[in-house]
Undergrad: 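Take a look at the following structure, please.
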Amino acid sequence: MAYWLIKSEPNKWSWDQHVAKGTDEWDGVRNFQARNNMIAMRPGDRAFYYHSREGLEVVGISEVVAEAHPDSTDDTGKWSCVDFRAVKPLTRPVPMPAIKADPELADMVLVKNSRLSVQPVTEAEWRRICSLGETDPD
DNA sequence: GCCAACGTTGGC
DNA sequence: GCCAACGTTGGC
C-alpha cells in the first residue's frame, strides 16, 4: 500500500464536506504531476487530507476507493481523477508549523514543493504525522 | 524549442 | 491581501 497527501482549501471543499459526501470524486486537478500521482494510486492506498490556505493542517485520513478514471468535469480528455472516502479524522490535527519544525519531516513534498496538490508521502512520514496527530496509522 | 508573459497556488 | 514560486502558454 502507498501513502499520499491531498490538499483542499476548506472554504472550497472542507474535510467535513468530504466526510459528508461519502465517495468523493477528486475532480478538477489540472496539474500533470498531480495527475500522474493519481494515476499511480490503487484502491486501498491511504491519503492525508490537508487544509491549504485556511487552517494549514493535516486534518484527516482518506482511502482510495477507485483508481484513476476520466475526470467528468474535463472535456479535453487529458485529465483523470480518483475517488476517495474519508476514513477518520486525526485525533489532533497536525499544523504546518509543526511539520516544518520536525526534522523527520524536513524532506516532505509538502515542505519542499508547497504547490503540488496531490503528492506522495513515505511510510516513515506517514507514521510520524500519525504519531504527532495521536492517531493510529492503520 | 526558447523564453517572456501570464495565471494560479498557497504560505505568510 | 501580498507576493514568491511554479506551471503553462504562445510568439518568435
Side-chain angles (χ1 to χ4, degrees):
Chain A
M1 149 160 58
Y3 300 100
W4 310 92
L5 182 146
I6 56 177
K7 286 195 289 205
S8 185
E9 298 183 34
N11 57 352
K12 292 183 179 163
W13 193 248
S14 69
W15 168 255
D16 287 343
Q17 287 171 293
H18 177 60
V19 170
K21 182 78 183 288
T23 298
D24 189 1
E25 191 180 78
W26 208 250
D27 57 32
V29 174
R30 298 291 183 268
N31 172 283
F32 287 105
Q33 232 183 318
R35 182 202 66 177
N36 291 343
N37 286 332
M38 289 200 292
I39 289 174
M41 292 181 187
R42 294 293 172 262
D45 284 359
R46 295 262 164 134
F48 286 130
Y49 197 106
Y50 176 78
H51 277 165
S52 62
R53 286 197 51 102
E54 305 279 338
L56 306 187
E57 56 190 7
V58 178
V59 290
I61 292 175
S62 291
E63 178 180 37
V64 178
V65 291
E67 63 186 37
H69 55 84
D71 183 335
S72 62
T73 66
D74 166 47
D75 53 13
T76 69
K78 282 199 303 187
W79 303 106
S80 301
C81 64
V82 297
D83 297 349
F84 287 105
R85 168 183 78 79
V87 173
K88 57 186 171 186
L90 296 191
T91 306
R92 275 176 167 278
V94 179
M96 171 61 92
I99 294 171
K100 282 197 150 177
D102 192 318
E104 292 184 44
L105 300 175
D107 290 331
M108 274 195 79
V109 180
L110 191 64
V111 176
K112 298 206 147 177
N113 180 4
S114 65
R115 293 202 38 199
L116 185 58
S117 61
V118 179
Q119 48 182 266
V121 170
T122 68
E123 185 172 359
E125 289 161 353
W126 183 269
R127 292 183 174 281
R128 183 62 182 159
I129 299 257
C130 285
S131 168
L132 293 174
E134 297 173 11
T135 301
D136 185 341
D138 298 316

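Computed from a predicted structure; not experimentally measured. The sequence lines fix the lettering, A, B, ..., with proteins before strands; numbering per chain opens at 1.
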Undergrad: Got a salt bridge between A:Arg85 and A:Asp24, using NZ or NE/NH1/NH2 to carboxylate O under 4.0 Å?
TA: no

Undergrad: Given C:dG7, B:dG11, C:dC6, identify the nucleotide with an atom nearest to the side chain of A:Ser114.
TA: B:dG11

Undergrad: State which of B:dC12, C:dG7, B:dT8 makes the closest approach to the side chain of A:Asn113.
TA: C:dG7

Undergrad: OP1 or OP2 of B:dG11 sitting under 4.0 Å from any side-chain N/O of A:Tyr50?
TA: yes

Undergrad: Looking at A:Arg30, I want to see if its CZ is surrounded by more than 12 non-hydrogen atoms of other residues, nucleotides or ligands under 6.0 Å.
TA: yes

Undergrad: Measure the distance from NZ on A:Lys7 to C1' on B:dT9 and round it to the nearest whole Å.
TA: 8 Å

Undergrad: Roughly, in whole Å, what's the span from CD in A:Gln119 to P in C:dG7?
TA: 13 Å

Undergrad: Nearest whole Å is fine: how far is C:dT8 C1' from A:Arg35 CZ?
TA: 14 Å

Undergrad: Pick one: which of A:Leu110, A:Val58, A:Val59 meets side chain to side chain contact (heavy atoms under 4.5 Å, CB included) with A:Phe48?
TA: A:Val58

Undergrad: Between A:Arg30 (CZ) and C:dT9 (P), how many Å, whole number?
TA: 12 Å

Undergrad: In whole Å, I'd like the distance from the NZ atom of A:Lys78 to the C1' atom of C:dT9.
TA: 11 Å

Undergrad: Taking the six-membered ring for Trp, are A:Tyr50 and A:Trp4 closer than 6.0 Å centroid to centroid?
TA: no

Undergrad: What integer distance in Å separates A:Glu9:CD from B:dT8:P?
TA: 13 Å

Undergrad: Take the protein atom CD of A:Gln33 and the nucleotide atom P of C:dA5, then report the distance between them rounded to whole Å.
TA: 17 Å

Undergrad: Rounded to whole Å, please give me the gap between CZ in A:Arg115 and C1' in B:dC12.
TA: 15 Å

Undergrad: Report which part of the nucleic acid A:Lys100 touches: base, sugar-phosphate, or nothing (heavy-atom distance under 4.0 Å, all strands).
TA: sugar-phosphate

